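Working notes for the structure below.
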2 protein chains.
Amino acid sequence: MAYSYEFPRAALTVDCVVFGLDSEDLKVLLIQRGIDPFAGKWALPGGFVRLDESLEDAARRELQEEAGLSKVFLEQLYTFGDPGRDPRERVVTVAYYALVNIGDHNVKAATDARNAAWFSVTDVPSLAFDHAKVLKVALERLKGKVVYQPIGFELLPRKFTLTQLQKVYEIILERELDKRNFRRKILEMGLLEETDEIEQDVAHRAARLYRFDEAKYKQLVKKGFMFEL
Amino acid sequence: MAYSYEFPRAALTVDCVVFGLDSEDLKVLLIQRGIDPFAGKWALPGGFVRLDESLEDAARRELQEEAGLSKVFLEQLYTFGDPGRDPRERVVTVAYYALVNIGDHNVKAATDARNAAWFSVTDVPSLAFDHAKVLKVALERLKGKVVYQPIGFELLPRKFTLTQLQKVYEIILERELDKRNFRRKILEMGLLEETDEIEQDVAHRAARLYRFDEAKYKQLVKKGFMFEL
DNA sequence: TCAGTATAGTGTAGATACGACACTATGTCA
DNA sequence: TGACATAGTGTCGTATCTACACTATACTGA
């Protein structure tokens, strides 16, 4: 390693845009910073990458440590590295976005004394660093990706009704979809497995529950199938 | 900056996958490494990010220095940071991909003494670091992106024939397209401006030249237009 | 100069996919 | 048991996609 001393080196972080969904809104998980810079401000969960872990491992570790989340859908989003984006020194951040079913996780409980909360993406407080920009890019990516990759399911419980699924798409795409056309299209893809269970505890006729058949999806993809909403 | 000493820091590079096109093949620009590690091996053009320049600036600077390329289409691809991807120490690389019209640039002449050459993407030599993986990701991105963003033009001269444009798509997508359907579709989008010039020096009826109307495209996008091939 | 050749440029018809649209069925609750 | 809330279902007109073949034009070389 005789030559290594000449490399410029930058601090490296990961930040995660964690999306969740309640019945009305698309939500994003934010953490209130405990220390400077930006102490007290809300920020995306994230932190420094250790020198012996991969970027994705770092993102998953931070999600676990800061929000108690594990085994979530996680994909790299974009890398932000403008000089000056961190007031301390040059810090490059590799941003990831995650999709979780809010009901699966008790976020608050898992976060060691630090404030964590879900915010509607339409009503986010002022954020630390350039996290507002990161969130904006993540939202665009989500909107773009949801129509040609079956990732909407990640925001729902494993078993869900077709109406719930339709709502996922309506909220993300910000437009209404026709119920019959939506059902026809999604069912004809053959990615949903009908269960013999129905919704519980609703004050009206209960809807049938479906499950996303990931094995079937992978199999179809090999044959050239393209998901498209 | 009293707290900065505790950050882990990683060496940071950018690498560029530069795509070009000749009449037969999609090409990628490679540089033969002059120094260890991997001295003598082919690699993607790239290098260390300076602490005072943005990531994209670094990519453009490396393209200029190593390949004599400037003002090309350039977009961030993905960030690769597995520990061990560089034998020296932890090096994280932010990969970009670029699209250029090969004819516009005399690559060889501009590269100071180092070997630079275009290779067919189907016939690439063994590459340094994890650059084979980077190239693979870039190819997937290109194939995915070309159908819903008007980037095919970037691989052609400013004025081109419809047949040339069709060929771009056929080569990238690796399938043949119907001539009449292609022309109808692309012309109906209204993104091409017909010039009053025709092809020169061809041994057959000369085709009309068209130009991509970027202003028109941006204007249509604002009104909700989506390019889709 | 004319025959050959290489590509340019053009239209249609059948099949498929998409969007718009409204009523009946089933369960809960008061 | 009646009011309510949502589940679940089919059709038809329209737009879009695919497949397909011939004539026009310019250059080439004998």
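Any value given below was found using the heavy atoms of this structure, including those in side chains, with hydrogens, waters and symmetry copies removed. Chain identifiers are assigned alphabetically (A, B, ...) following the order of the sequence lines, protein sequences preceding nucleic acid strands; residue numbering begins at 1 within each chain. Remember, predicted model here, so these are calculated numbers, not experimental data.
In this structure, CD of Gln166(B) is placed 12 Å from C1' of dT7(C), rounded to the nearest angstrom. Gln164(B) places its CD atom 11 Å from the P atom of dG9(C), with the value rounded to the nearest Å. Atom CG of Leu162(A) and atom C1' of dT9(D) are 12 Å apart (whole Å). Nucleotide dA17(C) holds its C1' atom 13 Å from the CE atom of Met189(A), rounded to whole Å. Summarising the geometry, the separation between CD on Glu188(B) and C1' on dG11(C) is reported as 12 Å, rounded to the nearest angstrom. Distance, Glu176(A) CD to dC21(C) P: 13 Å, rounded to whole Å. Between the CG atom of Leu229(A) and the C1' atom of dA17(C) there is a distance of 14 Å, given to the nearest Å. Rounding to whole angstrom units, CD of residue Glu194(A) and C1' of dA7(D) are separated by 13 Å.
The side chain of Asp178(A) approaches dC21(C) more closely than any other nucleotide in the set dC21(C), dG9(C), dG8(D).
At a threshold of 4.0 angstrom between heavy atoms, the contacts of Arg184(A) include nucleobase atoms, whether or not backbone atoms are also involved.
Using a 4.5 Å heavy-atom threshold, the side chains of Phe119(B) and Trp42(B) count as touching. Counting heavy atoms from C-beta outward, Val92(B) and Phe80(B) have side chains that stay 4.5 Å or more apart.
One finds a side-chain N or O of Thr163(B) lying less than 4.0 angstrom from the OP1 or OP2 phosphate oxygen of dA8(C). For Lys179(A), no side-chain nitrogen or oxygen approaches OP1 or OP2 of dG8(D) to under 4.0 Å. Close to dG10(D), at under 4.0 Å from its OP1 or OP2, lies no side-chain N or O of Arg180(A).
With no hydrogens or angles considered, no side-chain donor-acceptor pair links Lys167(A) and Ser23(A) at under 3.5 Å. Side-chain contact check for Asp123(A) and Ser120(A): no donor-acceptor pair (N or O, by modelled atom type) lies under 3.5 Å.
Between Val100(B) and the options Leu29(B), Val18(B), Leu155(B), a side-chain contact (heavy atoms from CB on, under 4.5 Å) holds for only Val18(B).
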Quick one, give me the B/S/- string for nucleotides 25-30 of chain D, reading 5' to 3', where B means a protein heavy atom under 4.0 Å from the base and S means that only happens at the primed atoms, P, OP1 or OP2. BBSS--
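No hydrogens or angles were tested; on distance alone, nothing pairs the side chain of Arg183(B) with the base of dG11(C) as donor and acceptor under 3.5 Å.
Salt-bridge annotation for Arg61(A) and Glu65(A): present, with a side-chain N of the basic residue lying under 4.0 Å from a carboxylate O of the acidic one.
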Evaluate the criterion salt bridge (Lys or Arg N to Asp or Glu O under 4.0 Å) for residue pair Lys145(A) and Glu75(A); output intermediate values, then yes/no. CA-CA 11 Å; Lys145(A) 201 136 196 175; Glu75(A) 220 171 66; 2.9 Å; yes
